[in-house]
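What follows is a single structure, written as structure tokens, with notes after it.
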Amino acid sequence: MTKVRIPPFNYDGGKVITEKLVKIIGSTNLIDLAESLGIPRTTISTWHTRDMTLFEIAVRINLAKGVSLRWLLLDEGDAFESDGVIWFNSERYSCDRS
């Protein structure tokens, strides 16, 4: 079997991601965002200072809201990718795309 190389991506971090999260979650500011995510507001300050990529939060938002990881972490594509299926409160709903 041939080895496949998967190079690292150039992920966004810090302020770029938290600004998107504020909009997606509907927070009014970073303090409200911290409360919504159940994290200390100082954690967000650390993300900004160190320009950190918030992988665990990104996955949590993807699973809870259906936000595209490519959009959130790489600034590629649309915020929401639609495959005709919507998940709400752990229930699956199909959308008629015609």
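As a basis for the values below, the full set of heavy atoms in this structure was taken, side chains included, without hydrogen atoms, waters or symmetry mates.
- The closest side-chain heavy-atom distance from T53 to L73 is below 4.5 Å.
- For the pair I31/I44, no side-chain contact is recorded, criterion being any heavy-atom separation below 4.5 Å from C-beta on.
- Atom CG of L69 and atom CZ of F55 lie 10.0 Å apart (nearest 0.5 Å).
- The shortest side-chain heavy-atom distance between W47 and I57 falls under the 4.5 Å cut-off.
- D75 is linked by a salt bridge (charged side-chain N to carboxylate O under 4.0 Å, His left out) to K20, counting only residues two or more places apart in sequence or in another chain.
- Residues that satisfy the salt bridge (charged side-chain N to carboxylate O under 4.0 Å, His left out) test with R70, not counting sequence neighbours, are E76.
- Put simply, the side chain of I25 reaches to within 4.5 Å of the side chain of I61, judged on heavy atoms.
- Counting only heavy atoms from C-beta outward, the side chains of I24 and F80 approach each other to under 4.5 Å.
- Summarising the local packing, CZ of F9 is surrounded by 12 or fewer heavy atoms from other residues, nucleotides or ligands at distances under 6.0 Å.
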Check against side chain to side chain contact (heavy atoms under 4.5 Å, CB included), L21 and L54: CA-CA 11 Å; L21 291 175; L54 344 164; 3.9 Å; yes

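- No more than 12 heavy atoms of other residues, nucleotides or ligands sit less than 6.0 Å from atom CG of D78.
- In this structure, R41 CZ and T46 OG1 are separated by 11.0 Å, a value rounded to the nearest 0.5 Å.
- Counting heavy atoms from C-beta on, the side chains of L74 and N10 never come closer than 4.5 Å.
- Distance check: T43 OG1 to L30 CG gives 12.0 Å after rounding to the nearest 0.5 Å.
- Here the straight-line distance linking atom NE2 of H48 with atom OG1 of T18 works out to 2.5 Å at 0.5 Å rounding.
- In this structure, L37 CG and D32 CG are separated by 9.5 Å, a value rounded to the nearest 0.5 Å.
- The existence of a salt bridge linking E56 and R60 is confirmed by a sub-4.0 Å separation between a basic side-chain nitrogen and an acidic carboxylate oxygen.
- For N62 (side chain) and S68 (main-chain N/O), no donor-acceptor pair under 3.5 Å exists by modelled atom type.
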Evaluate L33 against I39 for side chain to side chain contact (heavy atoms under 4.5 Å, CB included), listing each step before the verdict. CA-CA 9 Å; L33 176 65; I39 59 173; over 6 Å; no

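- Other cluster members for V16: none, since no ILVMFWY side-chain heavy atom sits under 4.5 Å from it.
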